[in-house]
Number of protein chains: 2
Amino acid sequence: MLSDNIAVLFPGSGMLLVKQDPGNVTFPKNNHDHGRCIAVALDKAAAVCMDRGVRLTELRRRVLEIIWQNHKPLGAYSILEQLRQDGRAAAPPTVYRALEFLLEQGLVHRIASMNAFVGCSRPGHISDGQFLICRSCGSSTELNDGKLEKVITRNSGSLGFTVEHLTIEVSGLCPHCRRARGEPAQYSNCPVSGEDSSGTEPT
Amino acid sequence: MLSDNIAVLFPGSGMLLVKQDPGNVTFPKNNHDHGRCIAVALDKAAAVCMDRGVRLTELRRRVLEIIWQNHKPLGAYSILEQLRQDGRAAAPPTVYRALEFLLEQGLVHRIASMNAFVGCSRPGHISDGQFLICRSCGSSTELNDGKLEKVITRNSGSLGFTVEHLTIEVSGLCPHCRRARGEPAQYSNCPVSGEDSSGTEPT
DNA sequence: ACCAGAAATGCTATCGGATAACATTGCGGT
DNA sequence: ACCGCAATGTTATCCGATAGCATTTCTGGT
Ligand SMILES: [Zn+2]
Ligand SMILES: [Zn+2]
Ligand SMILES: [Zn+2]
Ligand SMILES: [Zn+2]
């Protein structure tokens, strides 16, 4: 079953991946050691690039670091702003070229529904991934449900369609924000969510 | 099984929905009677709006008609252009307000990965839908796989995440474009598709 | 028929996202 | 030192989207 697969990859219970990917196994916790998320991400990125013989330049590394400042997808122009605060000369192409590189290397993902970018939780892996994005705090979690991909690919194939890329983005309320309110825990389509800020926002 | 469900909703074989939704049951055929797609869509839209006591004004109707000129997601500024060709005064807000209305009424969908809009194949239904979009000819087909939605909702729920909206967009090659080339029929992730135009392009 | 009030549209301006085109810099290999 | 290429800087421009306010059009009540 599909839920088993998810349970293996992203356990609320299991701990197989906890050491490898501390902050992102479940939805990011409010007070996790995010410094470690950043450090791990940058280390893995360096390893991946080394391995592939591509250059993780200072600019690219810095953009990746900015993206990893939290688990919230970040717009290109926000990245730009922060680069400028570093004192660095920067224009849109600067950011987009760095992003292009990071996307190619599988170090970040683009969230189409937000025109924003977020760090990849499995750097270097080749997968589009699936994303849970909280409409309240903006945090996101990446899933990599291979069975889900296969099911969609298989069903598309039965219509004669050859799948190349999957965009799967789920918006809703994360556990923390859900708790901070009194909202129901069910799939309610199109509630036209009004409010936006919550008490405790995960990093 | 999931494939059964799809088979019911979008048969390559069945014909339950064929009369209701001639051009969109499978991937849109090259020479289907698209005039009928348009007529049906506009009729249904009128019925839906009548039923809900909302006004399908001339502008809104025209925008819907423009969107339904084919099965390819259309950008807001392309719509704008065509409105102007009608001789009508129009600026971006004109288009976006019409689109907002059509989205609210479930008459069109927004394709996040393309920043574009496409007619809904089941007008009035409340569902985000799933979309197969051909990277070669641009045509798209809407699926409404309730089981897929349920699986994702269920798995998200097991992580404590409350689903509100699903964005599921599949890009790849439609049957016609696939045939017009010699490409494999398998899920190849991230082939960085280069080319773009094909011989026979579905409407 | 008339007249609010509301809904829809027109209009101007502005913002954010993304890319094209070309110049310059920096780095590795010879 | 030199060359060639990859990376970055720079300018300009395009597309997507929305804010805010003026005007028109519709609707319901008198
Ligand atoms: Zn973290
Ligand atoms: Zn949240
Ligand atoms: Zn059609
Ligand atoms: Zn095609």
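These numbers come from a predicted model, not from an experiment. Keep in mind that the numbers below use all heavy atoms, side chains included, and drop hydrogens, waters and symmetry copies. Order of the sequence lines fixes the chain letters, A, B, ..., with proteins taken first and strands second; residue numbering starts at 1 for each chain.
- If you take CD of E58(B) and C1' of dT24(D), they are 16 Å apart, rounded to a whole angstrom.
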In residues 90-101 of chain B, what donor-acceptor pairs under 3.5 Å come from side-chain atoms, sequence neighbours left out?
from	atom 1	to	atom 2	distance (Å)
T94(B)	OG1	A91(B)	N	3.3
T94(B)	OG1	A91(B)	O	3.2

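- The OG atom of S127(A) sits 11.0 Å away from the NE2 atom of H165(A) when rounded to the nearest 0.5 Å.
- Of the N and O atoms on the side chains of Q82(A) and Q69(A), at least one donor lies less than 3.5 Å from an acceptor on the other residue.
- Contact annotation: T94(A) does not reach the phosphate of dT10(D) (side-chain N/O to OP1 or OP2, under 4.0 Å).
- In this structure, CD of E100(A) is placed 11 Å from P of dT8(D), rounded to the nearest angstrom.
- Residue-level contact check: A91(A) touches the bases, meaning some heavy atom is under 4.0 Å from a base atom.
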Identify each atom pair where a protein N or O and an N or O of nucleotides 16-22 of chain D are less than 3.5 Å apart, giving names and distance.
from	atom 1	to	atom 2	distance (Å)
dG16(D)	N7	Y77(B)	OH	3.1
dA17(D)	OP1	R110(B)	NH1	2.2
dA17(D)	OP2	Y96(B)	OH	2.8
dA17(D)	O5'	Y96(B)	OH	3.3
dA17(D)	N7	Y77(B)	OH	2.8
dA17(D)	N6	Y77(B)	OH	3.2

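- Bracketed by its first and final contacts, the part of DNA chain C lying under 4.0 Å from non-hydrogen atoms of chain B reaches from dA8(C) to dT12(C) in 5' to 3' order.
- Following rounding to the nearest Å, R84(A) (CZ) and dG9(D) (C1') show an atom-to-atom distance of 12 Å.
- Under the 6.0 Å cut-off for aromatic ring centres, F117(A) and H109(A) do not qualify, their centroids lying 6.0 Å or more apart.
- A salt bridge links E65(B) to R62(B): one of the charged nitrogens lies within less than 4.0 Å of a carboxylate oxygen.
- Nearest heavy-atom pair across H176(A) and P28(A) is NE2-O, 2.9 Å.
- With 3.5 Å as the limit, one finds no donor-acceptor pair spanning the side chains of T167(B) and E169(A).
- Regarding D86(A), its CG atom lies at a distance of 14 Å from the P atom of dT8(D), rounded to whole Å.
- Distance, R88(A) CZ to dT10(D) C1': 15 Å, rounded to whole Å.
- If you take CG of L80(A) and C1' of dG9(D), they are 13 Å apart, rounded to a whole angstrom.
- Under a 4.0 Å N-O distance rule, the pair R122(A)/E142(A) does not qualify as a salt bridge.
- Between L132(B) and F27(B) the shortest side-chain heavy-atom distance falls below 4.5 Å.
- Rounded to a whole Å, the CG atom of L74(B) is 13 Å from the P atom of dC15(D).
- Across the interface with DNA chain D, nearest-nucleotide mapping of A89(A) and V54(A) shows V54(A) to be the residue nearer the 5′ end.
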